[in-house]
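Down below is the structure, laid out as structure tokens.
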Amino acid sequence: MRTEKVLDLFGGNSAATKALGLGSTGTISNWGPVVPRGMAFELQHITGGLLSVDLSCYKSETRDNPDRLAEIERICRVKRKEKKPD
């Protein structure tokens with residue numbers, strides 16, 4: 001999620017800081033161009049999707065590693081089979 005999208009939605013740094021209860025306008029300034037991942041998911045939730053997480057903004061050791069992804073998919077397949085009723 002890009003910080004500029006947050007500022008556009010709320011009408012600037014001061015308004016966003018106040019609406020989100022962040023304490024000081026420096027908090028958002030410290031984010032840089034990209035909202036921290038955890039805050040991005042929180043903003044997506046509290047805005048009902050008006051702001052949405054763009055995972056391409058974030059490096060992911062899992063998403064960018066085909067071997068890890070394959071292992072996660074394998075585990076999920078096993079778990080889904082375990083949950084199926086007989």
Item checked: Worked check of side chain to side chain contact (heavy atoms under 4.5 Å, CB included) between Val78 and Arg74 -> CA-CA 6 Å; Val78 169; Arg74 184 194 67 75; 4.1 Å; yes
Margin query: If you apply the rule side chain to side chain contact (heavy atoms under 4.5 Å, CB included), what do you find for Lys18 with Phe10, and how did you get there?
Written below: CA-CA 9 Å; Lys18 184 176 180 182; Phe10 289 102; over 6 Å; no
Margin query: If you define the side chain from C-beta out and look only at heavy atoms, does anything of Gln44 sit under 4.5 Å from Val53?
Written below: yes
Item checked: Nearest heavy atoms of Met1 and Cys57, plus distance in Å -> N-SG, 3.6 Å
Checklist line | Euclidean distance, Asn13 CG relative to Trp31 CH2, rounded to 0.5 Å | finding: 8.5 Å
Notebook entry, point to check: Could you state the interatomic distance from CD1 (Ile46) to CG (Leu51), rounded to the nearest 0.5 Å?
Noted result: 8.5 Å
Next item on the list: Considering non-hydrogen atoms only, spot the tightest contact between Thr3 and Gly32 and give its length.
Entry: OG1-O, 2.7 Å
Next item on the list: Could you go through the salt bridge (charged side-chain N to carboxylate O under 4.0 Å, His left out) check for Glu71 and Arg68 one step at a time?
Entry: CA-CA 5 Å; Glu71 178 63 8; Arg68 285 187 184 161; over 6 Å; no
Item checked: Joint hydrophobic cluster, Leu50 plus Val34, side-chain heavy atoms closer than 4.5 Å -> yes
Item checked: Test item: Phe41 and Val35 side chains (from C-beta on) under 4.5 Å apart, heavy atoms -> no
Check: Heavy atoms, side chains only, cut-off 4.5 Å: are Leu9 and Lys5 in contact?
Finding: no
Check: OG1 of Thr47 to CD of Glu42: how many Å apart, nearest 0.5 Å?
Finding: 10.5 Å
Item checked: Intermediate values then yes/no, side chain to side chain contact (heavy atoms under 4.5 Å, CB included), Ser24 and Thr17 -> CA-CA 6 Å; Ser24 81; Thr17 299; 5.5 Å; no
Check: Does Pro33 reach the side chain of Glu4, with side-chain heavy atoms less than 4.5 Å apart?
Finding: no
Margin query: Nearest 0.5 Å, please: how far is OG1 in Thr27 from CG in Leu20?
Written below: 10.0 Å
Next item on the list: For Tyr58 and Ala40, work out which heavy atoms get closest and say how close.
Entry: OH-CB, 3.3 Å
